[in-house]
Amino acid sequence: MAGSSKKDDDTNSVRSDNDEKVKAKKKQQASASETMSFVFQSGTQTTILLFVGIVGAMGNGVVYPILAYLFSNSFSDISSAANNGLAQVRELAYTFLIVGVYALVMATIQTGCFETVAYRATHNMKLQWFSALLRQDPAFFDVHDVGGIASNVSPAANRYRRGVGRKFGEGIQFFTTGVGGVGYAMYASWKVACVVLGLTPVISFMGYMVMVLNQNKTKESTKAYSNAGSVAYSTVSGIKTVLSLNAMQTMIKKYKDATQEAMQIATGTLWKMGFFNGGMLGSFILLYCVLCIFGSYLLYNDIQDNGCDPSAGNPAVDTCSNSGPDVFGAMLGVAFAAQGITQVGSFVECFAAARVAAFEALTAINRKPGAPEETIYHEEKKKSIDDSTKSATTGKGSEQPVGETAPEQRIKAVLPQYLIDATSEEGKKPENVDGRLTFDKVRFHYPTRPGQQILNDFSIDIAAGKTIAFVGPSGGGKSTVVKMLERFYDPTGGSVSLDGVNLKDINVKHLRSMIGYVGQEPTLFATTIEKNIRYGNPSASLEEIQEAARLANAHDFISSFNEGYQTQVGDKGTQLSGGQKQRIAIARVLVAKPKILLLDEATSALDSESELVVQEALDNVLAAQKRTTVIIAHRLSTIRNADIIAVVMGGEIVETGTHDELMVADTGYYRSLVEKQSKASASRLDSGVSSSFGSDKDLAGLDNTETVGKGAVLEFKDVSFSYPTRPNKQVLGGFNLTVNKGETVALVGPSGGGKSTTVALLERFYDPTAGSLEYLGEDIKNLNVHWYRDQIGYVGQEPTLFNETIANNIKYGAPDASLDDVIEAAKAANAYDYIMAFPEGFDTPVGERGTQLSGGQKQRIAIARALVKKPEVLLLDEATSALDNESEAIVQKALDNLMTLKNQTCIVIAHRLTTIRNADRIALIDSGKVKECGTHDELMSKQKGRYKRLIDSQTRDASSAALGIKKTEKDSEKEAEDDQPDWEKEVEEEEKGAFNVSRARKLAAPDVGYILIGSIGMIAAGCVFPMWGLLFAETIDLLFRPTFTCEDGNAQILADLGGYPNCQAYWDDLADSLREDSYVVSIYWALVAAASIFGNMAAFYGFGWASERMNKRVRDSAFTSLVRQEVAYFDKRSVGKVTAQLQEDAARLHTFTGEPVRVFLIAASSILVGLALSFYFMWQFALLAVFCIPFMAFATSMEMKQMMGEDTNDGDANEGKDSPGGIVVETLLNITTVSALTMETERFADYENALEAAEPHALRDGIMQGALSGLSMLIQQFINALQLWFGAWVLFNNPDTYEFRDFLVSNFALMFSLFGLGAAFQDVSDRKEAEKSAGRIFYLIDRKSSIDPLSEEGKKLE
């Protein structure tokens, strides 16, 4: 069978191929070997680089244990410099330089190798993953969420890259540091090491929590405000619905509730963040507290016992067995080890994420042809209301009947055996195909609905070259037949054959290349017209492409574009009209010269004239070459000439024959379908009553069609209008129309003529650029906007529902409506019965944008929502055009009832003219004017009338040439204007000009109390760093306090030492002094630790509350202002951009309020105190240190970022359309089109090229990152060497002025204050971006809407 064999089967499979049913939850991580397989598969060179990188990481990892040794021994040399000279210090300085160079080399090797390995492995993973996804059968995407996969490929790959790249190297590096640090500590002083190790769990826990909190800070903030963002997105994406319903206050309340909840979540963790941030420093400080007490204990005991020297700096006195360098070295070794082990936790976390990403990729990669059937079960959990809704809304087509308790209820899907591989070369490739198609007792159910049989012994033989049309009710199996022919699925029973050959035996790609498919909603890709057509046949010449376009009636309109075939169609073809997109899709099919043509509702979504032009293109195709053609159609008038018509019901063919044969057949299924459609049209004709337009005069070219009556409700008076985004393109010009009370007026005409624009003006989404629109004789500009819109009810083609219950969605029309009002509206909309059939009734959730409901159900809820407000005027804009026949009939019945009652004045826009024949008046609108107006009969009596031509265009024998329809469509609204303004640039300039730094700084005025609390805490936290340095110096002074030479009986020596009677007295006094000083210093250490904890808690609490309170105020104000804006504001801005900026901009404004205060206070308190101490104790050294500050600050800030884990992110999943991620999303979301056109090879090539282009300098960047990481250590060690030498030089040359302690305090007070400087600037925002954000916020808040729905101004008519 084609595509059924296994090729190069991977032995490392994520799941067991022997398990036919997976009853347990699948593991969510790949094994370590599976995760690293992408590395080893990338080639020998990559594997070698991996091992070189490991060696580099281990080499880099021993740097800190080496430094622990050097630092612990350096103070002995410095303390003795005044007596012993600078030779040893100079040698030590050179050693530090050597370590710095060594660290630079090791870090460069480590990071460079691992980044290169990660790049190659991720590149390999992406290509394998995308290739595997392209070859999967549609059943795979039925079971696995295609949208989720598409949006996850790039972020998952980024997580994988981080886990096997830099973080992998750091894991080895820091593990080596941990092992080496502990090893050196045990070597230096096992007693001190064991005591200090007892505190490492506390240090590691605090450090880990800080890392986690910092890494998750942005993610948690985004998550906290996700509900607010969701409300904003729903509001902006459905802004016309929100405005038409006057639902602004409802949305504002929802948004404020969401921001309130988000603020509570965000502020609820402030104490925790403050505690752990302060506790991390505090736990390190406690190390020194323990070191002071226990280390000093060891030293003074030795001093008392044998008079040894703890400093190891006096060669004339024996060094203590527990010396100062040993005790200090053990402490440093454990401290470095604790820091290293903490970072290993970061690696474990990142590698776990990489394993999850690898699992997701291998799920597709390891599913190879031949994989057995797999039953997937729902997770065991309590049934939710959403589950009930889904069951209820799918009716008899649901997967499991409501109330069924059998074990089968837990089945989610049955993934069939994997036999359909579009990339396989196996299978027959017949060159000559006649086109005979045979279905032989075919049975089939979809993978996600195993309990619902779609095709049941479906059998039919389609002769070669014949045209067959499948008709019947929705859900009968018609579209499934097309999917069987495309071999998107295989039958579960029976067979489908082509010219007697089972489709399973034909090569999948070859089969699909012989078939041309045109669906209802064509998918175009975001590239040029030429490339879109060429996707049908990559080897086609330009002449062949143009020939296909001519045959598809597309060449003329393509040539009318400035760029011709090089015109960009936009994302999903948004730059083209529906008819244009459909004809390009037809050309794309024709360029491949298919042997079989499949047409699935190819014209149903188009207006009359576009449908006619596209239908002619299809007729041309059918006439040009005799080929087997399969048509699926709801509009039966389009298939009357088919050779065979087959009626499909319940998965079976119940009738076959020609139109004439079936109209007289005894079974009568087809006849019943035809009669239903005819009856619907006839009933509308028969119900047409007297018209309020009483004249039969010729209206061709009419400029003024107003009907003046005493009951005039709405009146257009010489209205001219251009959309704000297209000011040079006039849509309405001299438009006149009067609508009387209780009247139904239908607006018809070609696309782009101005019909929908009249509705936009009636809703007052825009105001006329000239002329006036009056309601009850009053210019609507003089009316209160909110009151006026309450008089209007609006139902569009694609209703926007919100992710709430049915009842709440209906109540959007009238928030104060009672349940009885809601029920009454539902009954009037013909929705009550189906709502009550749901288990939850009116409390049934509709899902995001109403996805849990069918099109007809959504539309009826939208009608009920419009009716519950009891509007005076009802606007119906293509309210049924997107529905199938049955749904349309139900919705149309509800609308007909409303129009018949005459309770509302109705204005109807329709393409299907049969739906509006009973209107009191019909106005034909074209080129921005009313061209004709009258009843249906009056307008049909005009032999050359435009309305009559529209009616005739919907007959089966109509032609565009006979009706004078232009195919170039130069008047199409979709055609771009060359001289339109650059709105994006104009908007950016307006928003930029609104920035005011003084105003930005005043935003936090209401939060001054919180800022004061935070400031006190920040000063305390800032002072911790220099005080840490001061006490660090005192501790070293304690540990390195020398014991001088003493001889009993030598009166001079004893006198020089202080007049002691003997050496033991000197040693006892020295030990007592050391003990007492250690207690004092330890107390100070504890106080500094407490100051760190409480200072950070106060700082996080104060500044956190101030920031979040301001954040909420700004968000609420901005959102309130946003919903006040007129629609033109949103026309100039994309939905995604508006909502994303609303989220991001408010969060950035703390740059001008709390952030500068925080940064200044911690930096100032840390640096100023550090400088003061440094200059006081040794001003010469302080001058050098000040010179080194910028370099040391740069190096320490880089190191702290690495330690805090802030150098990582998942990258942006929302990449551009030409990026690798964009191609993945576009391809997978349109996988059916890709498969039908056999575009797998082309899309894979596009993806591979995009990957190469995305990171052209990946290898160089990896080496640069490594060098930069090593440079940090080189700078630090160079400065350490310089400062140690210079400090010793000052001591050597000024023995009477300075002591060793002076150097220590001057050095470490300033050095540690730099850590405060690094911490201060760690989270500083980008100032330029913050200014842009502030400008946008101020511009929005200050912007006065020209049509303000929340304004109290304007008249409210009685």
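Side-chain contact between Met484 and Leu455 is present, with at least one heavy-atom pair separated by less than 4.5 Å. At a threshold of 4.5 Å between non-hydrogen side-chain atoms, the residues Arg487 and Ile506 do not count as touching. A heavy-atom distance below 4.5 Å is found between the side chains of Ser1235 and Glu1240. Residues Val648 and Phe458 meet the side-chain proximity criterion, which asks for heavy atoms closer than 4.5 Å. The shortest distance between side-chain heavy atoms of Leu485 and Val496 falls below 4.5 Å. Here the side chains of Arg135 and Lys368 are in contact, with some heavy-atom distance below 4.5 Å. No side-chain heavy atom of Arg512 sits under 4.5 Å from any side-chain heavy atom of Tyr517. A heavy-atom distance below 4.5 Å is not found between the side chains of Val482 and Phe470.
Among Lys428, Lys595, Met514, the single residue meeting the side-chain contact (heavy atoms from CB on, under 4.5 Å) criterion with Leu498 is Met514. Among Glu425, Glu426, Glu431, the single residue meeting the side-chain hydrogen bond (donor to acceptor under 3.5 Å, both in side chains) criterion with Lys429 is Glu425.
Here the OH-CD distance, from Tyr669 to Glu655, works out to 7.5 Å after rounding to the nearest 0.5 Å. From Leu419, atom CG reaches atom OG of Ser424 across 11.0 Å, with rounding to the nearest 0.5 Å.
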Chi angles and distances behind the side chain to side chain contact (heavy atoms under 4.5 Å, CB included) call for Asp490, Gln417: CA-CA 10 Å; Asp490 283 333; Gln417 184 181 12; over 6 Å; no
So Ile468 and Asp643, side chain to side chain contact (heavy atoms under 4.5 Å, CB included) or not? Walk me through it. CA-CA 6 Å; Ile468 182 170; Asp643 297 313; over 6 Å; no
Begin from the C-alpha positions of Ile639 and Ile645 and carry the test side chain to side chain contact (heavy atoms under 4.5 Å, CB included) through to its verdict. CA-CA 8 Å; Ile639 49 90; Ile645 296 173; 3.8 Å; yes
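For the pair Pro450 and Pro447, the tightest heavy-atom approach, listed with the atom from each and the gap, is CD-O, 3.6 Å. In plain terms, the two heavy atoms of Asp499 and Asp434 that are nearest each other are OD2-N, 2.8 Å. The heavy-atom pair separating Asn502 from Ser495 by the smallest distance is ND2-CB, 3.7 Å. Scanning both residues, Arg671 and Met663, for their nearest heavy atoms gives CD-O, 3.0 Å. Annotation for Arg436 and Thr628: closest pair N-OG1, 4.5 Å, computed over non-hydrogen atoms. Here the shortest heavy-atom pairing between Phe439 and Val442 reads CD2-CG2, 3.9 Å.
Checked against the 6.0 Å centroid threshold, Tyr489 and Tyr446 count as a close aromatic pair.
Not a single donor-acceptor pair under 3.5 Å links the side chain of Glu373 to the backbone N or O of Val414. Between the Asp137 side chain and the Ile420 main chain, no donor and acceptor come within less than 3.5 Å of each other.
Listed by chain and number, the residues in a salt bridge (Lys or Arg N to Asp or Glu O under 4.0 Å) with Asp600 amount to none (sequence neighbours excluded). For Tyr1247, the ring pair (Phe, Tyr, Trp, His ring centres under 6.0 Å) partners at least two apart in sequence or on another chain are Phe130.
Side-chain contact annotation: Gln136 with Arg367, donor-acceptor N/O pair under 3.5 Å present.
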